[in-house]
Structure formats: structure tokens, C-alpha cells
Amino acid sequence: MSRITFLGSRVLAAGFLVLLMCLPFASLAAGKPLEVGQKVPDFSLPGLEGGALSFEKDIRGKSPLTVFLFMTTACSACFEELKEISDFVGKNPGKVEAWAVAVDLRGSQTVAPYRNANSFRVKYLVDPKFSLPRAFGFNYTPSLAVVDAKGVLLHKKGGYSPNERIADLLRTFLK
């Protein structure tokens, strides 16, 4: 086998691998970002405990509201929002399920120690490729998405405003 053929087959194999890695997000990445009122398509991301979690099978409908906070462990604003979300979940058991979607490049190597050091009442998904936040139309952290039990996007916001209270926002959707 010539060197060119060998390199070409390696490039082809690498391209195929990249395509396979993107398939779980194909329905999310295609077209425009999700907008309020739209149903969130199924997606799959790894959890910290290992194995992929599916939105339809493992997340949607487990409580009246599901909150996704797209965050990084180095982000102080993300920490503040996680703290507020965690407090709200603790005061409203069974009404809200919260997910921190960590986009740290080192994945669970960085996120697991962060989770262990902080006792937030959230579950963690790992998305070092930033695929899910982009599907919602976000380009930075923190960003927040609120979804109802049927999987419909109720609210989304990018950025952090210290005067905005996530608890006040979530209460409006629980009425």
C-alpha cells in the first residue's frame, strides 16, 4: 500500500468517525436554533456516572419542569446560577429537575471533581463539543433553558444578570 493510499484511508476513517460522533445531534443541529414554543428533539449526552442519557427516555417528563444550565466549571456566574437553581430545587421537591450541561473541554475529568466539591441539587451532562447549547442558539455560558413535561421549550436566556432571579422565573411556570 502506498503512503498516499494509507494516509487517504486514515483521513477517510477519521472523517467517518467525526460524522458518527455528530449523528446524535443531527436533528438538533439542522436548521435554526430551537425557539420558545418548539418541542425539544431527542438528544443523547454522557452523564458523569457513565453511559449516555437520552432526553426522551431519561429526562423529559420526570417532573413538571426541566431546567438546563449550560455551564463551565471555571465560570463564577455559572456557579451563582447553579447555586440558585439548586436552592429552588431543594425548596420545590418533585417540581423541577435540574441539569447542568458542562461544556468543559476535558469533560468528566474536570466536571466530576467540581460536582464532588459542590453539593448542588442538579444532575450533570457532559458536552465538551458545545453541541447542545448551540442547538438552543447559545454561544456562551451561562445559558439557561426551561422545558415543560411534554418537552416544549418554555424559556431560554443567555448570559448572567445578577439582578434577575431564576427562582422568580421558575415560579411563573409552576403556577
Side-chain angles (χ1 to χ4, degrees), residues 24-25 28 33-49 52-104 107-108 110-112 114-175:
F25 302 101
L28 286 173
L34 286 167
E35 295 297 332
V36 171
Q38 292 181 319
K39 190 166 194 277
V40 176
D42 194 21
F43 63 84
S44 180
L45 284 173
L48 280 183
E49 310 309 321
L53 296 170
S54 158
F55 176 68
E56 284 296 322
K57 181 181 164 210
D58 303 309
I59 300 172
R60 185 180 69 82
K62 302 296 182 196
S63 64
L65 286 182
T66 301
V67 176
F68 294 103
L69 181 69
F70 303 102
M71 52 82 64
T72 63
T73 58
C75 168
S76 61
C78 300
F79 179 87
E80 293 302 319
E81 290 208 349
L82 271 175
K83 187 166 58 170
E84 188 175 349
I85 291 167
S86 178
D87 290 345
F88 188 82
V89 168
K91 293 174 184 173
N92 296 276
K95 295 181 180 179
V96 179
E97 187 169 76
W99 292 86
V101 181
V103 297
D104 296 79
S108 59
T110 303
V111 181
Y114 181 86
R115 179 208 48 203
N116 296 340
N118 300 291
S119 55
F120 296 129
R121 292 176 189 92
V122 301
K123 297 174 185 173
Y124 289 84
L125 295 170
V126 181
D127 185 8
K129 294 183 172 128
F130 213 86
S131 302
L132 190 58
R134 278 195 200 101
F136 279 86
F138 300 127
N139 295 310
Y140 48 85
T141 63
S143 295
L144 180 84
V146 181
V147 178
D148 71 10
K150 295 178 182 176
V152 175
L153 181 61
L154 298 175
H155 181 81
K156 68 180 198 174
K157 80 169 187 86
Y160 175 69
S161 299
N163 297 326
E164 282 184 334
R165 294 289 121 220
I166 294 173
D168 294 338
L169 169 73
L170 295 177
R171 269 190 221 94
T172 65
F173 294 118
L174 288 176
K175 291 181 181 181

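Ring centroids of Phe70 and Phe130 are separated by 6.0 Å or more, keeping the two rings apart.
The main-chain N or O of Asn163 is never found under 3.5 Å from a side-chain atom of Ser161 such that the two would form a donor-acceptor pair. Remark: the backbone N or O of Ala102 is not paired with any side-chain donor or acceptor of Asp127 at under 3.5 angstrom. The backbone N or O of Met71 lies less than 3.5 Å from no partner atom in the side chain of Thr141, so there is not a single donor-acceptor pair. With hydrogens and angles ignored, the 3.5 Å screen pairs a side-chain donor or acceptor of Ser54 with a backbone N or O of Lys57.
To the nearest 0.5 Å, atom CG of residue Leu65 and atom CZ of residue Arg171 are 12.5 Å apart. Rounded to the nearest 0.5 Å, atoms CG (Asp58) and OG (Ser44) are 8.0 Å apart. Separation of atoms CD1 (Ile85) and CH2 (Trp99) is listed at 13.5 Å; rounding is to 0.5 Å. Distance check, rounded to the nearest 0.5 Å: CG of Leu69 to SG of Cys75 gives 8.0 Å. Once rounded to the nearest 0.5 Å, the distance linking OH of Tyr114 with SG of Cys78 reads 7.0 Å. For the atom pair OG of Ser76 and CD of Glu81, the computed distance is 10.5 Å after rounding to the nearest 0.5 Å.
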- Query: Step by step, would you call Leu170 with Ile166 a side-chain contact (heavy atoms from CB on, under 4.5 Å)?
  - Reply: CA-CA 6 Å; Leu170 295 177; Ile166 294 173; 3.7 Å; yes
- Message: The test is side-chain contact (heavy atoms from CB on, under 4.5 Å); show your working for Leu82 and Val122 and say whether it passes.
- Response: CA-CA 8 Å; Leu82 271 175; Val122 301; 4.0 Å; yes
- Message: Would Glu97 and Arg60 count as a salt bridge (charged side-chain N to carboxylate O under 4.0 Å, His left out) here? Give the steps.
- Response: CA-CA 9 Å; Glu97 187 169 76; Arg60 185 180 69 82; over 6 Å; no
- Give the intermediate values and the outcome of side-chain contact (heavy atoms from CB on, under 4.5 Å) for residues Val152 and Val147. CA-CA 5 Å; Val152 175; Val147 178; 5.8 Å; no
- Query: Does the pair Tyr160 and Phe79 meet the rule for a ring pair (Phe, Tyr, Trp, His ring centres under 6.0 Å), with working shown?
  - Reply: CA-CA 11 Å; Tyr160 175 69; Phe79 179 87; over 10 Å; no
- Task: Just do the side-chain contact (heavy atoms from CB on, under 4.5 Å) check on Thr66 and Asp148 with the steps written out, would you?
- Result: CA-CA 6 Å; Thr66 301; Asp148 71 10; over 6 Å; no
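Looking at heavy atoms from C-beta onward, Val67 lies in side-chain contact with Leu144 at the 4.5 angstrom threshold. Contact check for Ser108 versus Pro46: no side-chain heavy atoms found under the 4.5 Å cut-off. Counting heavy atoms from C-beta on, the side chains of Phe88 and Leu174 come closer than 4.5 Å.
When all heavy atoms of Ala98 and Val89 are compared, the closest pair comes out as CB-CG2, 3.9 Å. Across all their heavy atoms, Val36 and Lys156 have their closest contact at CG2-N, 4.1 Å. Between Leu53 and Gly47, the closest heavy-atom pair is CD1-CA, 4.2 Å. Closest approach of Val146 and Leu153 over heavy atoms only: O-CD1, 3.5 Å. Taking both residues in full, the closest heavy atoms of Gln38 and Pro33 are given as OE1-O, 3.9 Å, listed atom of the first, atom of the second, then distance. Closest of all the heavy-atom pairs between Leu34 and Lys39 is CD2-O, 3.8 Å.
Ring-plane geometry between Phe68 and Phe136 is classed as tilted, the angle between the planes lying from 30 to 60 degrees on a 0 to 90 degree scale.
The existence of a salt bridge linking Arg115 and Glu49 is confirmed by a sub-4.0 Å separation between a basic side-chain nitrogen and an acidic carboxylate oxygen.
Heavy atoms from other residues, nucleotides or ligands lying under 6.0 Å from NZ of Lys157 number more than 12.
Side chains of Asp104 and Thr73: a donor on one and an acceptor on the other come within 3.5 Å.
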